[in-house]
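Before any comments, here is the structure.
Indexing begins at 1, ligand by ligand and atom by atom, following the structure's order. Only this structure's heavy atoms are used, side chains among them; waters, hydrogens and symmetry mates stay out.
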Amino acid sequence: MSNVPKLFGDLVFNETVMKEKLPTATYKAYKAALLTGKNLDLPIANVIANAMKDWALEKGATHFTHWFQPMTGITAEKHESFITPTADGRIIMDFSGKELIQGEPDASSFPSGGLRATFEARGYTAWDPTSYAFIKDNTLCIPTAFCSYTGEVLDKKTPLLRSMSAIDVAARRILDLFGTPTEKVITTVGPEQEYFLVDKAMWEKRRDLVYTGRTLLGAMPPKGQEMEDHYFGIIKPRVMAFMQELDEELWKLGVLAKTEHNEVAPAQHELAPIFTSTNIATDHNHLTMEFMKRVAAKHNLVCLLHEKPFAGVNGSGKHNNWSIGTAEGDNLLNPGSEPHKNTRFLLFLAAILKAVDEYQDLLRVSVASAGNDHRLGANEAPPAIVSAFLGSELTAILEAIEKGEEYNSDGEKLMQIGGNVIPLFAQDTTDRNRTSPFAFTGNKFEFRMLGSAFSISGPNIVLNTIVAEELEQFADIIEKAADKETAIKALIKETITAHKRIIFNGDGYTDAWVEEAKMRGLLNLKSTPEAIPCMLAKKNIELFTKHSIFTEAEIHARTEILLENYAKTIRIEGLCLAEMIAKDLLPSASAAASDLAATIANKKMAGLDVEGTYELETVKKITALSTALCQKVAGLEKALSEAATVEGGEELANYYHENVFSAMLDIRAAADELEPMISEKYLTYPTYGQLLFGVN
Ligand code: ADP
Ligand code: MG
């Protein structure tokens, strides 16, 4: 590979390029606007636009696009060329400040949850100067926010930026109280992205993967993930070539791709970037997912981002490592070597615990989807119950504070692995707990409930807003107190006492925890249709409207979109499964049965006794299972057609969950019993064994 430091950010209009290409006064005005959050004047935007265009042309770009994140959960773009006609019939390449600042895509065909009627088509995109422009496919991409003509927010970026601003304001009030003021507080995120890679030619033969992104049937091969030989295992050459090309493409776009490894399930892998500001991390995670798909195709692979592509082996999630820091890089969740004496850290920690406890429902809603329902609570990902893991040291400190006792630190422990050559290193103050949904991991919280296909925007909007709310409440109290130090200590103590039920350091996979969580009064929202309506609770509407993240109408709209998305997903899966049984599995079973019956007839003609033979016994089983399957599919089809009679978003989501999804599980059980009886030569699609172990 060529020189990586040189390659890095080559396609990004970043700080270095701006310093080089912009007049000093323009650059300063741009930086000042970022800090204050004020709009840039048009003359300044004109200068920036022109510099951007010249730079993009040098890199071979011909088009520009406003790159935005509608509520489909993926990104959208509408390309326009730089060409502008001149009076003499030629063209010049032009790009104005107005074109940079504002775009006007048609908003009518994006999900709006009823906020937009199709005839009210106008929508606007607005430049987000906090995320750098970049070049993709010879197109200058400008990160933008997306709203309707009447100002309703139609995207995932705008509320994220608003939530970052809310936590910035609230956290700075707290920092002022500690005498450590700062100009700006940002939240940072490092999202670890899991994915599967399968062979493209095999993928094409599976309707379920093509239409739904996951397998709807398929018996387990003799080997799954039980040998634990894939996790961190040696990477196969074809996958390695994919990972290297992916890294290179991402580095050019300024994405800090850092760690690549094999995951637990066969064919499963992970990429983790180095953390950055939440807004940029979100943009970069979108680019990462997009390039995973593109680069895979070049290697005749398909990247599956679905949360549960295969039953019987682990699904894929996205760990959202989240922290709060100053723009200068001071991490406010760094406990330091003596956390019990670090009052500022303890106050932030208390605010986060209170936020997680009071808004468990919102955190759960932020990770709810049809795909993620297969993971949460299925002993491979965190349970659907939200709780926080702090580890033994922090928990002991909080217990001491609650009881008003002195906390005695054991001091830093050094690890002695053995031999003289292995250097000593300090043991982390927290061990790992894979089962916790929200785990403190040294200097950040790791929110582990996200699905692999998610935009990380939603969960971070919730995290930023709920913590902003608690910090604001704290600031209100402390600012009024005569003795601030005493007030802060009292606040920490009260908060811990009131919200300690949310702390759980044990094994989240056990039934005992489900029972205990119930006794503690924690929520256990098992499925998406059960979780989503919680968004409309009064306290949640108050939260979002108070911090100007969403209007009440926007919250209703988003709820509608999520419920509708769930219903549509299950519907597509139901239709696809019915089709796959009718067009793939049953005809294959029938062909196999027919050959067996012919052999039986031949044997009989030869005067042989066929009673109890392999052929007769198998053909009987295949026929019985095929008949049962045929009936079950008729039931599924009936449930699918009766869905038309159900009214209301919540009712429809519940209907699909209770009638269609459950029928699919029943069909799958029968199909997975039938499939292993049919030789591969009859099957029209590749089996689990071929998909999971087929890439070398
Ligand atoms: P793992 O959880 O796999 O052991 P690491 O601890 O190395 O991985 O980090 C996981 C992710 O957390 C990485 O993306 C890393 O950049 C990110 N991370 C580290 N510090 C912070 C922070 N202060 N804020 C947000 N993310 C962070
Ligand atoms: Mg992790």
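Contact annotation: the side chain of Asn3 approaches that of Pro5 to within less than 4.5 Å [non-hydrogen atoms, C-beta and beyond].
When non-hydrogen atoms are compared, ligand 1 lies under 4.0 Å from the side chain of Glu446 (C-beta onward) but not from its backbone. Only the side chain of Asn331 comes within contact range of ligand 1, with a heavy atom under 4.0 Å; no backbone atom does. Counting heavy atoms under 4.0 Å from ligand 1, residue Lys258 does not touch it at all.
We find that Arg172 and Asp168 are joined by a salt bridge, their nearest charged nitrogen and carboxylate oxygen being less than 4.0 Å apart. Between Lys298 and Glu245 there is a salt bridge, since at least one side-chain N of the basic residue sits less than 4.0 Å from a carboxylate O of the acidic one.
Annotation: Thr188 places an N or O atom under 3.5 Å from an N or O atom of ligand 1; distance criterion only. Between Pro273 and ligand 1, at least one pair of N/O atoms sits closer than 3.5 Å. Between Phe275 and ligand 1, at least one pair of N/O atoms sits closer than 3.5 Å. Inclusion of Trp322 in the set of residues having an N or O under 3.5 Å from an N or O of ligand 1 is not warranted.
Inspection of the Asn460 and Ser163 side chains reveals no N or O donor paired with an N or O acceptor under 3.5 Å.
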* To do: Begin with the C-alpha distance, continue with both residues' side-chain angles, and end with the deciding distance and a verdict on side-chain contact (heavy atoms from CB on, under 4.5 Å) for Phe310 and Gln268.
  => CA-CA 11 Å; Phe310 302 99; Gln268 192 186 27; over 6 Å; no
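Atoms of ligand 1 found under 4.0 Å from any heavy atom of Gly190, numbered from 1 in the order shown, are 14 (O), 25 (C), 26 (N). Those atoms of ligand 1 that come under 4.0 Å of a heavy atom in Ile274, given as number and element, are 16 (O).
Aromatic pair Phe445/Phe438: centroids less than 6.0 angstrom apart.
When each of Ile549, Val462, Ile466 is paired with Leu543, the side chain to side chain contact (heavy atoms under 4.5 Å, CB included) condition holds for Ile466 and for no other.
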